[in-house]
J.: 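The structure's right below; bear with me while I get my questions together.
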Amino acid sequence: MARYELVKRSVALITLTNPPVNASSSAVRHAIAKSMKCALSDPEVTAVVICGENGSFCGGADIREFAGPLKGPPLVPLLDAIEAGEKPVVAAIEGVALGGGFELALVCHYRIAHSKARLGFPEVTLGILPAAGGTQRLLRLIGIPAAAISLKLGIVDQVTEQNACEVAVEFALRAVAKPLLSRRVSMLTTRCPPDLDALLDAVTMQVKKKAPGVMAPLACIQAVRAAATMPYYKGIKREGELMATLFNSGQAWALQYCFFAQRTAGKWTLIRSAAVIGLGTMGRGIAVCLARVGISVIAVESEKKLLETGRQMVIGMLERDAKRRGVSASLNLFKFTLSLHDLKDVDLVIEVVFEDMALKKRVFQELSKVCRPATLLCTNTSGLDVDALAGVTDRPHLVVGMHFFSPAHVMKLLEVVCGPRSSSETIATAMSLGKRMGKVSVAVGNCPGFVRNRMLKPYIDQATFLLEEGATPEQIDKALEDFGFAMGVFRMSDLAGLDVGWRVRKESGLNGSDVDPESPPRRRQGRRYCLIPDMVCEQGRFGQKTGGGWYMYDKRGGTNAKPDPLIQNLLETYRSKYGIQPRNISNQEIVERCLFALANEGFGILEDGMAARPEDIDVIYLFGYGFPRHRGGPMFYASMVGLERVLKRLEHYHQAHPDVPHLKPSPLLKTLVACGIPPVQKWREHIKTMHSHL
Ligand SMILES: CCCCCCCCCCCCC/C=C/C(=O)SCCNC(=O)CCNC(=O)[C@H](O)C(C)(C)COP(=O)(O)OP(=O)(O)OC[C@H]1O[C@@H](n2cnc3c(N)ncnc32)[C@H](O)[C@@H]1OP(=O)(O)O
């Protein structure tokens with residue numbers, strides 16, 4: 001876990017060897033302690049260099065070990081001992097020095113970094129804080145204003161383009177004669193601005209606004225205050241106390257779970273190239289995603305005017321994107337055409353035409369004829385049957401869904417929809433392409449709405465039922481925003497646009513002329529149905545883009561949502577028309593009904609084999625709907641609440657609303673409760689139906 005060798009006859013070189021990122025697991029800490037003891041006691045050794053194998057210094061504490069009992073030498077005394085040692089220690093930093101890895105570098109007396117090295121404290125993203133002296137030492141090294149502005153200032157002693165380890169060894173030889181006292185960062189005094197309190201208060205306000213309810217950043221600010229106002233030995237104690245609070249919190253578990261879930265969900269390897277049909281909003285975004293990673297794109301439209309508009313918009317997007325990233329726009333990667341025949345040589349096609357099955361089938365039939373036999377055919381449908389499209393081609397095994405979310409060049413989520421006939425290679429290629437485009441790709445089964453949109457339905461349904469029963473859009477949104485969502489369900493719907501859902505409901509016979517005139521009020525297809533969303537749309541209110549939806553906005557495209565008396569009126573008229581006596585609804589009921597219905601559908605999806613594991617569903621909601629990360633995702637949240645409680649509450653709500661099938665607890669939820677409530681990672685073992693590809 002660490003190699004010890006003597007180089008240049010007097011420098012002890014300690015190389016961390018824990019691939020892939022040399023995380024400081026208990027074994028690594030043990031090996032460092034042993035190596036340091038050797039180096040300090042060997043009279044031949046005059047200096048020490050610490051580096052990491054395979055171009056990575058150290059990715060921090062081994063996060064996997066946080067879940068079990070803490071073993072091995074604790075990090076704080078180990079690091080304190082390195083700093084206190086009487087021989088100069090130089091950190092040779094290549095790749096990453098993150099978290100505990102950065103803390104290790106900070107206790108070294110000198111730091112040599114490669115110009116591409118990345119140093120930092122990502123612990124807040126894991127719900128904890130740099131608790132091996134990181135908050136105390138970094139502040140002493142660079143001072144509080146610098147910490148607030150940039151972590152770069154004064155952290156390293158030399159930046160090199162060469163092999164950092166070789167440079168560090170030479171540096172160490174020169175450092176032997178120099179005094180060490182001033183190199184011990186914990187002995188320095190933190191440089192503080194005179195208005196420390198005002199600065200920290202302002203940062204606290206910002207943090208509370210940006211990440212309401214999230215504990216770790218606030219704890220970091222408290223640790224910074226300690227570094228500024230206390231001597232090191234007290235500051236480190238405070239840092240430890242703050243860590244103890246965070247370490248076992250649900251938020252830390254959730255965030256660490258998200259870290260691994262995100263990596264598990266993306267485990268695919270094949271990589272190929274691609275091209276796009278349809279230059280509407282989605283098509284343009286997808287084309288930009290492809291070109292950004294160096295893939296040449298043939299962009300197809302059906303009419304000259306549409307092609308020209310699409311071309312100009314894509315070029316504008318590429319130029320803005322390139323400017324933002326400080327690179328040159330990859331315009332030469334594009335070819336714009338009206339003819340599908342130009343696609344005969346491409347590796348992969350993504351169809352992004354209007355959401356109409358007959359039209360899509362025609363396109364897929366045509367593609368079958370013009371593309372070479374090995375070309376993959378992908379559809380960006382947001383809910384149509386991928387297998388029905390595969391069925392009209394000469395290569396159903398090469399057909400797969402690539403469901404991007406709007407705006408496609410911004411949203412991180414990609415659902416890769418596996419039809420029953422999609423081959424593993426096809427799925428792997430789509431997954432790999434997603435990863436290459438920087439997406440978080442999740443393989444899902446071919447069912448209406450796939451995973452994200454299928455789960456969204458019961459969530460939105462509950463919100464609208466709550467409106468019928470007496471709540472207002474702003475009350476429901478506030479409860480969900482207090483829970484942690486950046487936007488409640490109604491503000492989010494206004495942003496996304498209300499017309500698409502309205503059209504889908506019409507097409508499925510839920511409203512409009514296809515509705516059976518004999519059907520009882522507020523019931524459709526044998527279950528409860530809320531008419532309010534249709535009534536809002538009938539008034540031409542489609543959300544932000546029309547200047548009004550569930551809220552009113554100052555103008556078309558405005559984002560400042562204000563409660564609208566017109567909606568209040570509509571609700572009151574509706575309730576009185578259908579004889580509904582409005583009642584006071586608690587925030588607890590709002591959160592439970594919306595989120596337990598969401599998770600319940602997630603259990604249904606797992607049971608149907610439409611997602612491989614609960615982690616996949618959680619990742620879809622983290623990246624595709626802004627589910628608050630510190631809650632871990634809907635499935636993890638359900639496990640944190642306790643499956644038994646979720647089951648009881650769903651039973652309670654289903655009893656009160658027997659005409660809402662989404663509130664009926666899913667059999668999988670019942671099974672998990674009956675078999676002793678295993679942790680999320682083990683749910684998969686209790687699922688009977690597994691999609692062959694997932
Ligand atoms: C009463 C209670 C008392 C409480 C007291 C508790 C005290 C105990 C703690 C003591 C103080 C500790 C303080 C220090 C804390 C930390 O250091 S926390 C960790 C901080 N580091 C990070 O957050 C870095 C996380 N990693 C990354 O950001 C990226 O992985 C990367 C390093 C930038 C590399 O990215 P990339 O090349 O894209 O590869 P990935 O796919 O992301 O990762 C590759 C595999 O490596 C695994 N991995 C990465 N980092 C870690 C890690 N730190 N620990 C464990 N595993 C890690 C990752 O999962 C991948 O694995 P596979 O999926 O299996 O391939």
Side-chain angles (χ1 to χ4, degrees), residues 1 16-29 32 52-80 93-107 116-138 151 215-217 219-220 223 236-253 255-269 412 431-432 434-441 613 615-616 619 629 681:
M1 289 291 152
L16 311 189
T17 56
N18 184 18
V21 299
N22 298 322
S24 66
S25 61
S26 59
V28 168
R29 295 197 304 279
I32 297 175
E53 198 172 52
N54 288 336
S56 190
F57 182 71
C58 173
D62 188 334
I63 309 163
R64 287 187 197 279
E65 288 187 352
F66 289 173
L70 296 170
K71 290 186 296 192
L75 202 50
V76 174
L78 172 67
L79 297 187
D80 282 349
I93 306 167
E94 295 203 324
V96 292
L98 297 175
F102 188 21
E103 288 172 315
L104 172 63
L106 285 174
V107 296
K116 296 214 171 102
R118 283 158 59 199
L119 291 76
F121 285 138
E123 281 89 338
V124 278
T125 64
L126 301 168
I128 54 172
L129 85 173
T135 61
Q136 304 306 298
R137 283 197 178 85
L138 181 64
L151 293 180
M215 290 157 29
C220 280
I236 189 107
K237 195 161 165 265
R238 180 78 186 116
E239 187 190 81
E241 288 162 3
L242 292 163
M243 176 68 154
T245 312
L246 296 176
F247 196 72
N248 285 326
S249 69
Q251 291 196 3
W253 295 346
L255 288 160
Q256 287 157 30
Y257 162 84
C258 292
F259 176 86
F260 289 114
Q262 190 176 331
R263 279 153 185 84
T264 308
K267 282 213 180 306
W268 297 82
T269 47
K412 290 280 280 179
M431 294 290 285
S432 159
K435 183 158 189 179
R436 189 167 159 195
M437 290 187 287
K439 302 288 177 201
V440 176
S441 311
R613 36 182 108 77
E615 289 98 321
D616 286 5
V619 166
R629 200 171 166 93
Q681 291 82 356

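Atoms within each ligand, like the ligands themselves, are counted from 1 in listed order.
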J.: For ligand 1, which is the ligand I care about here, please tell me if Arg263 has any N or O atom under 3.5 Å from one of the ligand's N or O atoms.
T.: yes
J.: Using 0.5 Å steps for rounding, measure from the CG atom of Asn54 to the CG atom of Asn18.
T.: 11.0 Å
J.: Is the side chain of Arg29 donor-acceptor paired with the backbone N or O of Lys71 at a distance under 3.5 Å, no angle test?
T.: yes
J.: Under 30°, 30 to 60°, or over 60°: which ring-plane class applies to Phe121 and Phe102, parallel, tilted or perpendicular?
T.: tilted
J.: Using a 4.0 Å cut-off to any heavy atom of Gly99, which atoms of ligand 1 qualify?
T.: 17 (O), 20 (C)
J.: Could a heavy atom of Arg118 be found less than 4.0 Å from some atom of ligand 1?
T.: yes
J.: Heavy atoms only, cut-off 4.0 Å: how does Asn248 contact ligand 1, side chain, backbone, both, or neither?
T.: side chain
J.: Checking the N or O distance criterion of under 3.5 Å, is ligand 1 in contact with Gly100?
T.: yes
J.: Looking at ligand 1, does any of its N/O atoms fall within less than 3.5 Å of an N/O of Pro122?
T.: no
J.: Which atoms of ligand 1 are found less than 4.0 Å from any heavy atom of Glu103?
T.: 13 (C), 14 (C)
J.: If every non-hydrogen atom of Arg137 is compared with every non-hydrogen atom of Leu106, which pair is closest and at what distance?
T.: CD-O, 4.0 Å
J.: Under 4.0 Å, heavy-atom basis, I'd like to know which part of Val76 is in contact with ligand 1: side chain, backbone, both or neither.
T.: neither
J.: Below a 4.0 angstrom heavy-atom separation, can you tell me which part of Pro20, side chain or backbone, both or neither, approaches ligand 1?
T.: side chain
J.: Distance check, rounded to the nearest 0.5 Å: Glu615 atom CD versus Arg263 atom CZ?
T.: 13.5 Å
J.: Near Ile63, which atoms of ligand 1 are under 4.0 Å from a heavy atom of that residue?
T.: 19 (C), 52 (C), 53 (N), 54 (N), 55 (C)
J.: Of the side chain and backbone of Asp62, name the one, both, or neither that has a heavy atom under 4.0 Å from an atom of ligand 1.
T.: both
J.: In terms of atom number and element, which parts of ligand 1 are under 4.0 angstrom from non-hydrogen atoms of Arg64?
T.: 59 (O), 64 (O)
J.: Check each atom of ligand 1 against the heavy atoms of Leu126 and keep those under 4.0 Å away; list them by number with element.
T.: 18 (S), 19 (C), 23 (O)
J.: From atom 25 (C) of ligand 1, work out which of Phe259, Phe260, Phe66, Phe247 has a heavy atom at the shortest distance.
T.: Phe259
J.: Check each atom of ligand 1 against the heavy atoms of Gly60 and keep those under 4.0 Å away; list them by number with element.
T.: 17 (O)
J.: Just by modelled atom types, is the Gly134 backbone N or O under 3.5 Å from a matching donor or acceptor in the Glu103 side chain?
T.: yes
J.: For ligand 1, is Pro130 a contact, meaning one of its heavy atoms is under 4.0 Å away?
T.: no
J.: With a cut-off of 4.0 Å, which atoms of ligand 1 are near a heavy atom of Glu123?
T.: 14 (C), 15 (C), 16 (C), 17 (O), 18 (S)
J.: Just which atoms of ligand 1 are under 4.0 Å from any heavy atom in Met243?
T.: 9 (C)
J.: Say whether Phe102 and ligand 1 are in contact under the criterion: heavy-atom distance to a ligand atom below 4.0 Å.
T.: no
J.: If hydrogens are left out, which of Gly59, Gly120, Ser25, Ala131 has an atom nearest to atom 21 (N) of ligand 1, that is, the closest non-hydrogen atom?
T.: Gly59
